[in-house]
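This one's a predicted model, so the numbers in the text were calculated from it and none came from an experiment.
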Amino acid sequence: MLEEYLIQFCSPVLASLKTAGMFCVHQCDSETLVSNVKQWNHLLNPYGLCAMILCEKEDRALVYLFRRSSLLAILKDPEVQEFLEPYGYCRNACHPFCWLAVLKQRLEASDGADFPHEVGIFLGYPLEDVKGFVQHQGRDCKAVGDWKVYGNVELAEQAFCRNRKCTRLYQHLYAGGKTICQLAVAG
């Protein structure tokens with residue numbers, strides 16, 4: 001069942017079309033989830049992919065799958081670092097896990113009202129859209145798809161379409177017996 005979440009919410013990540021994806025798992029035994037994430041890392045790390053549990057609260061957990069090289073490229077951008085710094089992220093950290101540790105702390109400390117919306121950076125959303133979301137508090141966007149768009153609508157809609165097609169294809173292939181390893185693209 002947990003692999004189905006990976007296919008439903010992270011197919012574009014597996015296909016190397018997107019930096020990262022995440023999904024919420026409800027009412028899952030923590031030990032089972034940790035075991036699944038460990039197994040995914042064993043299988044997917046050779047493809048440049050990493051899975052982790054970002055946050056656990058009550059009966060739910062937030063699982064994050066990311067492409068290490070793509071996330072690092074985003075986090076090395078000086079504009080991104082400047083944007084993240086006021087939220088407690090250290091500039092020029094050498095490894096994505098340094099930034100992810102801060103995100104994890106911020107997610108665990110949030111109570112919903114103070115959700116760390118900079119998470120969009122870690123999902124590979126355009127900086128302009130993440131800044132717009134924060135500035136406008138999620139209102140007044142130009143378009144809505146995988147994220148709320150405040151910048152280039154045409155590029156975002158192309159990405160939304162590509163991600164939907166990829167997800168449909170991967171769901172079909174997975175239902176036909178393909179494994180996550182067979183669906184993962186090295187990158």
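In this structure, the side chain of K142 does not engage the main chain of N152 through any donor-acceptor pair within 3.5 Å. Side-chain atoms of D146 never come within 3.5 Å of backbone atoms of F160 as a donor-acceptor pair (strictly under, hydrogens ignored). Put simply, the side chain of K148 gets close to the backbone of G138: a donor and an acceptor are under 3.5 Å apart. Between the N45 side chain and the L49 main chain, a donor and an acceptor come within less than 3.5 Å of each other. Checked by atom type and distance alone, the side chain of Y64 never pairs as donor or acceptor with a backbone atom of L100 at under 3.5 Å. Under the 3.5 Å distance criterion, the side-chain polar atoms of Y125 are left unmatched by any main-chain donor or acceptor of W147. Remark: the backbone N or O of C90 is paired with a side-chain donor or acceptor of W99 at under 3.5 angstrom. The closest donor-acceptor contact from the side chain of E56 to the backbone of L62 lies at 3.5 Å or more, if one exists at all. Side-chain atoms of R67 come within 3.5 Å of backbone atoms of V13 as a donor-acceptor pair (strictly under, hydrogens ignored). Distance alone, capped at 3.5 Å, is enough to place a donor-acceptor pair between the S11 side chain and the I7 backbone.
Distance CG/D59 to SG/C24: 8.5 Å, rounded to 0.5 Å. W40 CH2 to I180 CD1: the interatomic distance, rounded to the nearest 0.5 Å, is 7.0 Å. Here the straight-line distance linking atom CE of M52 with atom CG of N41 works out to 9.5 Å at 0.5 Å rounding. In this structure, SG on C98 lies 13.0 Å from CG on L103, to the nearest 0.5 angstrom. Interatomic distance, CG of L84 versus OH of Y87, reported as 8.5 Å (0.5 Å rounding). One distance of note links CG of L14 with CZ of F9; it measures 13.5 Å at 0.5 Å rounding.
For P12 against N163, the heavy-atom pair with the smallest separation is CB-OD1, 3.5 Å. Across all non-hydrogen atoms, the minimal contact from P46 to H42 is CD-O, 3.6 Å. Residue H26 comes nearest to R60 through the heavy atom pair ND1-CB, 3.8 Å, listed as atom of the first residue, atom of the second, then distance. Of all heavy-atom pairs between D129 and G151, the closest is OD1-N, 2.7 Å.
A heavy-atom distance below 4.5 Å is found between the side chains of V134 and F83. Looking only at side-chain heavy atoms (C-beta outward), I53 and V25 stay at 4.5 Å or farther from each other. Side-chain contact between M22 and C55 is absent, with no heavy-atom pair separated by less than 4.5 Å. A heavy-atom distance below 4.5 Å is not found between the side chains of Y170 and C10.
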- Message: Run the side chain to side chain contact (heavy atoms under 4.5 Å, CB included) test on L65 and L44 for me, step by step, so that the C-alpha distance in whole Å, both residues' side-chain angles and the decisive distance to 0.1 Å come before the verdict.
- Response: CA-CA 10 Å; L65 179 73; L44 298 174; 4.2 Å; yes
- Task: Check step by step if side chain to side chain contact (heavy atoms under 4.5 Å, CB included) holds for L2 and V37.
- Result: CA-CA 9 Å; L2 290 175; V37 168; over 6 Å; no
- When you look at R162 and C166, which way does the side chain to side chain contact (heavy atoms under 4.5 Å, CB included) test go after all the steps? CA-CA 6 Å; R162 184 178 60 238; C166 175; 5.7 Å; no
- Task: Test Y174 against E4 for side chain to side chain contact (heavy atoms under 4.5 Å, CB included), laying out the working first.
- Result: CA-CA 8 Å; Y174 183 76; E4 289 171 3; 3.8 Å; yes
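Transitive grouping of hydrophobic side chains (ILVMFWY, heavy atoms separated by less than 4.5 Å) keeps L17 and F23 in distinct clusters.
With sequence neighbours excluded, the residues forming a side-chain contact (heavy atoms from CB on, under 4.5 Å) with Q158 are E154, L155, listed by chain and number. With sequence neighbours excluded, no residue satisfies side chain to side chain donor-acceptor pair (under 3.5 Å) with T167.
Heavy atoms from other residues, nucleotides or ligands lying under 6.0 Å from NE2 of H136 number more than 12. Heavy atoms from other residues, nucleotides or ligands lying under 6.0 Å from CD of E79 number 12 at most.
Grouping Ile, Leu, Val, Met, Phe, Trp and Tyr by side-chain contacts under 4.5 Å, direct or through others, puts F133 with Y150.
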